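Following: one structure in structure tokens, then a few remarks.
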Amino acid sequence: MADPAEENIVWHDHPVAREDREKLHRHQGVVIWFTGLSGSGKSTLAGALEQALHRTGVSTYLLDGDNVRHGLCRDLGFNDADRRENIRRVGEVARLMVDAGLVVLTAFISPHRAERRMVRDMLPAGRFIEVFVDTPLAVCEARDPKGLYKKARAGKLPDFTGIDSVYEAPEQPEIHLDGQQLVTYLTDHLLDLLRGRVIIKP
């Protein structure tokens with residue numbers, strides 16, 4: 001039986017469309033979804049790419065996993081159900097930002113393929129670019145910038161991805177990067193991809 005509240009909610013189309021906003025920004029709206037283990041370099045690379053795009057006049061916004069959990073998702077934990085809801089909320093926010101004509105960069109472990117596919121399905125075709133930052137677990141653990149692996153190994157951080165919770169690597173990402181390479185090289189590689197897809201101007 002349908003929720004009575006949902007029956008009274010109607011989607012409103014507005015006179016200014018995504019295409020109009022993209023003309024104003026002079027580039028397409030798109031989600032660049034960085035995924036990989038904690039410590040793989042997702043946030044560092046997403047930040048470097050945003051800086052590079054900003055310098056060329058591209059309108060961007062970076063959604064970072066930790067920042068989102070300070071506000072939008074601070075009521076969620078890290079079990080599978082809460083992780084899915086975390087990604088769903090981020091996907092909905094990213095979808096609105098794409099509708100605003102922005103290039104949205106996200107840096108989330110997002111360990112499950114089904115959740116990443118869920119976000120992809122929220123967006124128009126071609127507006128979701130999955131970036132797999134592929135860094136070996138041993139390297140991520142050696143970096144351990146937040147000390148999370150140390151806590152997980154000590155049993156103080158249950159359900160930690162890569163240790164006692166599974167990470168499902170992307171099977172067909174738009175781009176597969178070696179997280180051990182230089183950030184400048186990887187950033188240039190991503191810019192080439194965006195230019196090649198005419199998301200930003202050559």
Side-chain angles (χ1 to χ4, degrees), residues 29-51 53 60-100 102-123 127-137 139-141 143-149 151-152 157-179 183 186-187 190 193-194 199:
V30 69
V31 172
I32 305 172
W33 191 276
F34 292 84
T35 179
L37 294 171
S38 178
S40 62
K42 299 181 303 299
S43 294
T44 299
L45 184 53
L49 179 60
E50 185 181 36
Q51 283 184 304
L53 291 170
T60 63
Y61 196 85
L62 172 55
L63 291 167
D64 179 80
D66 282 353
N67 291 357
V68 166
R69 282 187 176 271
H70 274 284
L72 179 68
C73 298
R74 66 181 175 185
D75 59 315
L76 300 176
F78 290 90
N79 58 50
D80 283 350
D82 281 0
R83 284 179 173 178
R84 178 178 174 81
E85 175 60 13
N86 181 60
I87 296 303
R88 187 195 69 79
R89 292 183 194 181
V90 170
E92 292 289 359
V93 171
R95 182 177 66 84
L96 293 172
M97 288 183 166
V98 167
D99 194 50
L102 302 180
V103 171
V104 186
L105 305 95
T106 75
F108 293 84
I109 295 173
S110 49
H112 300 127
R113 295 187 190 108
E115 292 154 7
R116 300 193 297 267
R117 186 164 53 248
M118 171 181 65
V119 178
R120 183 187 292 273
D121 290 344
M122 291 179 184
L123 296 159
R127 299 308 177 101
F128 182 92
I129 296 175
E130 188 174 37
V131 180
F132 178 27
V133 185
D134 188 2
T135 307
L137 175 61
V139 174
C140 294
E141 194 165 355
R143 291 173 177 174
D144 203 11
K146 304 173 189 175
L148 300 180
Y149 285 99
K151 290 180 181 178
L157 199 58
D159 301 320
F160 189 73
T161 303
I163 303 299
D164 52 7
S165 184
V166 68
Y167 176 78
E168 297 175 348
E171 294 177 323
Q172 292 183 312
E174 275 70 18
I175 187 164
H176 186 159
L177 301 177
D178 178 353
V183 171
L186 296 177
T187 302
L190 286 164
L193 173 72
L194 296 176
I199 292 165

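In what follows, residues are counted from 1 in the order of the sequence shown. Fair warning: this is a prediction, and the values are worked out from it, not measured in the lab.
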Side chains of D66 and K146: closer than 4.5 Å at any heavy-atom pair?
-> yes

E85: what forms a side-chain hydrogen bond (donor to acceptor under 3.5 Å, both in side chains) with it, not counting sequence neighbours?
-> R88, R89

Show your working on side chain to side chain contact (heavy atoms under 4.5 Å, CB included) between L137 and Y167 and close with a plain yes or no.
-> CA-CA 11 Å; L137 175 61; Y167 176 78; over 6 Å; no

Can you tell me if D164 uses its side chain to pair, donor with acceptor, with the backbone of D159 under 3.5 Å?
-> yes

For the residue pair L63 and V104, establish whether any side-chain heavy-atom pair is separated by less than 4.5 Å.
-> yes

Would you confirm whether E168, through its side chain, and R113, through its main-chain N or O, come within 3.5 Å as a donor-acceptor pair?
-> yes

Mind checking the SG-CG spacing from C73 to D82? Nearest 0.5 Å is all I need.
-> 9.5 Å

About how many Å separate CG of L62 and CG of L102, when rounded to the nearest 0.5 Å?
-> 12.5 Å

K42 (side chain) donor-acceptor with G36 (main chain) under 3.5 angstrom = yes

Could you give the distance from OG1 (T135) to CG (L177), rounded to the nearest 0.5 Å?
-> 9.0 Å

Any chance you could lay out the side chain to side chain contact (heavy atoms under 4.5 Å, CB included) test for L190 and F34, step after step, and finish with the verdict?
-> CA-CA 11 Å; L190 286 164; F34 292 84; 3.8 Å; yes

E115 backbone acceptor or donor facing R84 side chain under 3.5 Å | no

Where do R83 and S165 come nearest, in terms of heavy atoms and distance?
-> NH1-OG, 3.2 Å

Could you tell me whether the side chain of E130 and the main chain of E174 form a donor-acceptor pair under 3.5 Å?
-> no

Rounded distance (nearest 0.5 Å) linking atom CG of L193 with atom CD1 of I175 = 5.0 Å

Student check: side-chain heavy atoms of L194 and I32 closer than 4.5 Å = yes

Test R69 against F78 for side chain to side chain contact (heavy atoms under 4.5 Å, CB included), laying out the working first.
-> CA-CA 11 Å; R69 282 187 176 271; F78 290 90; 3.4 Å; yes

Lys/Arg cation over aromatic F128: R116, 6.0 Å, 45° cone = no

Listed by chain and number, what are the salt bridge (charged side-chain N to carboxylate O under 4.0 Å, His left out) partners of E50, not counting sequence neighbours?
-> none

Taking all heavy atoms of I163 and all of A152, pick out the closest pair and write down the distance.
-> CG1-CB, 4.1 Å

When rounded to the nearest 0.5 angstrom, what distance separates CG in L148 from SG in C140?
-> 11.5 Å

Under a 4.5 Å cut-off applied to non-hydrogen side-chain atoms, are L49 and V131 in contact?
-> no

For the student: nearest non-hydrogen atoms of L105 and A46, plus distance | CD2-O, 3.6 Å

Step by step, would you call I87 with V119 a side chain to side chain contact (heavy atoms under 4.5 Å, CB included)?
-> CA-CA 8 Å; I87 296 303; V119 178; 3.6 Å; yes

Taking every non-hydrogen atom, the tightest pair across G65 and F108 | CA-CE2, 3.3 Å

Do H112 and D80 come within less than 4.5 Å of each other through their side chains, counting heavy atoms only?
-> yes

Taking only residues two or more places apart in sequence or in another chain, which ones pass ring pair (Phe, Tyr, Trp, His ring centres under 6.0 Å) with F160?
-> Y149

Residue pair L37 / I109: nearest heavy atoms and the distance that separates them = C-CG1, 4.4 Å

Which heavy atom in H70 sits nearest to a heavy atom in R74, and how many Å separate them?
-> O-CD, 3.6 Å

